[in-house]
There are 2 protein chains.
Amino acid sequence: MRNTVQRDLIYKVVCDSSDHPAAETVYSRVRAVMPNISLGTVYRNLKLLVSLGKIREIPLASGGSRFDKTVMAHAHFRCRLCGEVTDAELGSVDALADALRRASGNEPESTEIMFTGVCRKCVGKENKAV
Amino acid sequence: MRNTVQRDLIYKVVCDSSDHPAAETVYSRVRAVMPNISLGTVYRNLKLLVSLGKIREIPLASGGSRFDKTVMAHAHFRCRLCGEVTDAELGSVDALADALRRASGNEPESTEIMFTGVCRKCVGKENKAV
DNA sequence: GATTTAATAGTAATAGTTACTGATAGCAAT
DNA sequence: ATTGCTATCAGTAACTATTACTATTAAATC
């Protein structure tokens with residue numbers, strides 16, 4: 001596999017982002033540095049980086065995915081009012097995968113936990129937004 | 001909200017399915033009974049049933065969603081070789097949501113856990129399929 | 001049964017993503 | 001350094017899953 005400035009930049013942008021950007025968001029951030037990079041290149045490399053285990057993909061029920069620099073098994077919280085995705089710090093995520101392995105004989109390689117609800121900032125806004 | 005035979009049938013099909021069907025799969029099963037039902041009707045009612053909390057949506061990183069009769073917080077395992085989605089029986093799922101609530105102040109309403117890996121049946125098939 | 005209007009069938013449109021094609025550039029061997 | 005090979009690129013077309021639109025149908029109420 002060849003090193004390319006495009007791939008390095010895409011990886012750097014994801015690593016420098018703490019807000020779990022969508023592919024289009026990565027694209028616009030990358031274009032700020034390299035204006036004529038192609039959207040297809042962004043998608044191709046995001047997918048490649050995911051398959052290499054260098055970044056993580058978080059699929060959303062609302063359609064589309066978000067990308068994350070963290071590869072360790074961990075959990076996310078998504079507010080159904082403001083849409084923000086944040087990390088949920090939980091100590092026992094790896095323990096779950098172990099429990100599954102023992103109980104089922106299946107071999108989990110990655111664990112993705114998504115909580116959906118109302119975030120601290122949006123509690124009380126229910127009637128306005130929904 | 002009115003009762004419609006279409007919605008009742010869509011709900012029944014999801015409840016009678018134990019394989020976590022995609023929307024298109026629900027559509028084809030529903031059409032076996034009601035041949036001229038519209039795909040839009042299936043999507044609209046799946047979404048409605050999800051928002052009513054009667055069924056559950058499982059978004060996949062590979063694109064699209066699967067639907068599930070079970071509403072309780074629970075976990076799934078998806079084999080990256082055969083693509084099958086099965087339930088992962090774990091006792092401690094609700095405890096995770098409680099831990100999040102206490103730790104962050106966010107208010108989780110649903111918890112979705114997705115394990116990805118190689119299922120028991122596909123262990124050893126690695127070289128053929130990937 | 002007549003009225004009201006939510007829900008439908010059928011189709012067009014959209015969003016997110018992937019595939020295609022000719023051009024470019026990273027790497028290896030000269 | 002130059003050449004050759006080909007992975008990767010930019011740009012664009014195509015595709016898939018989903019949603020929106022519109023005229024029509026049928027549940028619920030009167």
Side-chain angles (χ1 to χ4, degrees), chain A residues 1-14 17 19-52 54-68 78 80 83 85 114 130, chain B residues 1-14 17 19-52 54-68 78 80 83 85 114 130:
Chain A
M1 202 186 76
R2 293 177 183 169
N3 291 333
T4 66
V5 290
Q6 288 88 347
R7 179 150 53 237
D8 289 347
L9 178 57
I10 290 164
Y11 181 53
K12 181 177 189 307
V13 162
V14 174
S17 298
D19 61 345
H20 310 288
E24 282 282 352
T25 309
V26 174
Y27 177 52
S28 71
R29 286 178 193 170
V30 163
R31 278 211 300 184
V33 179
M34 185 181 283
N36 67 335
I37 196 171
S38 169
L39 178 60
T41 298
V42 172
Y43 272 102
R44 182 163 17 83
N45 281 295
L46 284 174
K47 203 179 161 186
L48 182 64
L49 290 167
V50 168
S51 76
L52 291 173
K54 302 192 75 176
I55 65 174
R56 171 174 288 263
E57 181 174 4
I58 314 159
L60 302 182
S62 50
S65 288
R66 304 296 188 84
F67 294 90
D68 191 322
R78 177 169 197 272
R80 67 175 164 81
V85 176
M114 177 62 81
V130 176
Chain B
M1 201 186 75
R2 292 178 184 169
N3 290 334
T4 66
V5 290
Q6 288 88 347
R7 179 151 53 236
D8 288 348
L9 178 58
I10 289 164
Y11 182 53
K12 182 178 187 307
V13 162
V14 174
S17 298
D19 61 345
H20 311 287
E24 281 283 350
T25 310
V26 174
Y27 178 52
S28 71
R29 285 177 193 169
V30 162
R31 277 212 298 185
V33 179
M34 184 181 285
N36 67 335
I37 195 170
S38 168
L39 177 60
T41 297
V42 172
Y43 272 103
R44 184 164 15 82
N45 281 295
L46 285 173
K47 205 179 157 184
L48 182 63
L49 290 167
V50 168
S51 74
L52 291 173
K54 300 191 78 176
I55 66 174
R56 172 173 287 263
E57 180 173 4
I58 313 159
L60 301 182
S62 51
S65 288
R66 303 296 189 83
F67 294 90
D68 190 323
R78 178 170 198 271
R80 68 175 163 80
V85 177
M114 177 62 82
V130 177

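Every chain is numbered from 1, with letters handed out A, B, ... down the list of sequences.
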Output the rounded distance in Å from CD (B:Glu24) to P (D:dC15).
16 Å
Looking at side-chain heavy atoms only, is the closest gap between B:Met114 and B:Leu60 below 4.5 Å?
yes
Between P of D:dT12 and CG of A:Asn36, the distance in whole Å:
12 Å
For B:Glu57 and B:Arg2, find the nucleotide of DNA chain D closest to each by heavy atoms; which residue's nucleotide sits nearer the 5' end?
B:Glu57
Are the side chains of B:Ser17 and B:Arg29 in contact, using a 4.5 Å heavy-atom criterion?
yes
Indicate, with a heavy-atom threshold strictly under 4.0 Å, whether B:Arg44 touches base, sugar-phosphate, or nothing.
base
In whole angstrom, what separates A:Ile10's CD1 from D:dA10's C1'?
12 Å
Starting at atom CG of A:Leu39, determine the distance to atom P of D:dA10, rounded to an integer number of angstrom.
11 Å
Which atom pair, heavy atoms only, marks the closest approach of A:Ile55 to A:Phe67?
CD1-CD2, 4.0 Å
Atom CE of B:Met34 and atom P of D:dT25 are separated, to the nearest Å, by 16 Å
Among the nucleotides C:dA9, D:dA10, D:dT18, which one has an atom lying closest to any side-chain atom of B:Ser65?
D:dT18
Do we see a donor-acceptor contact under 3.5 Å between the side chains of B:Thr41 and B:Gln6?
no
What is the separation between atom CG on B:Leu60 and atom P on D:dA17, rounded to the nearest whole Å?
11 Å
Could you pick out which residue, B:Gln6 or A:Asn3, lies toward the 5' side of DNA chain C when each is mapped onto its nearest nucleotide?
B:Gln6
Quick one: is B:Tyr43 getting a side-chain N or O under 4.0 Å of the D:dT18 phosphate, OP1 or OP2?
yes
Looking at D:dT8, C:dT17, C:dA6, which one has an atom nearest to any side-chain atom of A:Ala23?
C:dT17
When rounded to whole Å, the CZ to P distance for the pair A:Arg66 and C:dG16 reads 10 Å
In whole angstroms, how far is the P atom of C:dA19 from the CG atom of A:Asn45?
14 Å
Students often get this wrong, so: under 4.0 angstrom with heavy atoms, is B:Ile37 touching a base, only sugar-phosphate, or nothing?
sugar-phosphate
Hey, what do you get for CG (A:Leu46) to CZ (A:Arg7), rounding to the nearest 0.5 Å?
11.5 Å
By nearest atom, which of the nucleotides C:dA9, D:dA10, C:dA7 is closest to the B:Met1 side chain?
C:dA7
Counting the atoms with a prime plus P, OP1 and OP2 as sugar-phosphate, which does B:Ala22 contact under 4.0 Å by heavy atoms, base, sugar-phosphate, or nothing?
nothing
Could you say whether B:Thr4 or B:Lys47 is positioned toward the 5' end of DNA chain D, judged by the nucleotide with the nearest heavy atom to each?
B:Lys47
Side chain of A:Arg7 - closest among D:dA10, D:dC9, C:dA25:
D:dC9
Students often get this wrong, so: under 4.0 angstrom with heavy atoms, is B:Gly64 touching a base, only sugar-phosphate, or nothing?
sugar-phosphate
